[in-house]
Student: 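Here you go, one structure.
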Amino acid sequence: MNTNVGDAKAQLVEDFNKVVSDTESLLRAMASVPGDKASALRASVEENLTAAKRRVRELQGAAYERTTAAAKATDEYVHENPWTLIGVAAAVGLIVGLVIASDRR
């Protein structure tokens, strides 16, 4: 799953780099390019910006779905195994208590 997150992040960065690059090109071109070329460049920038916004929305939706699924799985596990989790929590508490007690000496 980390690979998917890394790939998605790389794609998002690439999309935004395209938008930034096109925007810089548009700004440089506005000073010296006639109206038709400027309009074509502006259209390209708008297209890339729309694609980047769509990709961000898709990533947000996917992240929300994964987070919701993880929360549901955790909730189910806790309800199915309460004593196991209580035992683990008690063991962690005991270990932390022993570490704190040994630091006081």
Side-chain angles (χ1 to χ4, degrees):
M1 185 178 336
N2 288 339
T3 305
N4 292 341
V5 172
D7 292 344
K9 183 178 178 182
Q11 182 64 45
L12 183 62
V13 169
E14 183 181 333
D15 289 345
F16 276 111
N17 285 338
K18 285 180 187 176
V19 170
V20 169
S21 175
D22 286 346
T23 303
E24 290 172 346
S25 296
L26 176 64
L27 292 174
R28 282 192 299 269
M30 291 304 285
S32 62
V33 175
D36 292 341
K37 278 192 169 185
S39 295
L41 193 53
R42 236 179 279 136
S44 174
V45 169
E46 288 175 8
E47 181 181 320
N48 285 333
L49 182 58
T50 300
K53 285 180 180 180
R54 183 182 67 247
R55 183 76 176 137
V56 167
R57 282 192 302 270
E58 290 171 0
L59 290 174
Q60 286 175 332
Y64 177 77
E65 289 173 8
R66 283 189 227 135
T67 303
T68 302
K72 285 180 182 178
T74 302
D75 186 54
E76 288 175 11
Y77 183 81
V78 167
H79 282 91
E80 292 172 3
N81 303 299
W83 291 110
T84 303
L85 293 174
I86 290 170
V88 169
V92 169
L94 178 65
I95 292 170
V96 169
L98 292 173
V99 168
I100 291 172
S102 69
D103 284 345
R104 289 185 180 178
R105 292 181 188 179

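Reckoned from all heavy atoms, side chains included, excluding hydrogens, waters and symmetry mates.
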Student: Mind checking the CD1-CD1 spacing from Ile95 to Ile100? Nearest 0.5 Å is all I need.
Tutor: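 Taking CD1 in Ile95 and CD1 in Ile100, the distance rounds to 12.0 Å.
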Student: Quick one: closest heavy-atom pair of Val99 and Ser102, and the distance?
Tutor: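 Where Val99 meets Ser102 most closely, the heavy atoms are O-OG, 2.9 Å.
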Student: Can I get a per-line list of side-chain donor-acceptor pairs under 3.5 Å for residues 68-80, giving both atom names and the distance, sequence neighbours left out?
Tutor:
unit_1	atom_1	unit_2	atom_2	d
Thr68	OG1	Tyr64	O	2.8
Thr74	OG1	Ala70	O	2.8
Asp75	OD1	His79	ND1	3.2
His79	ND1	Asp75	O	2.8

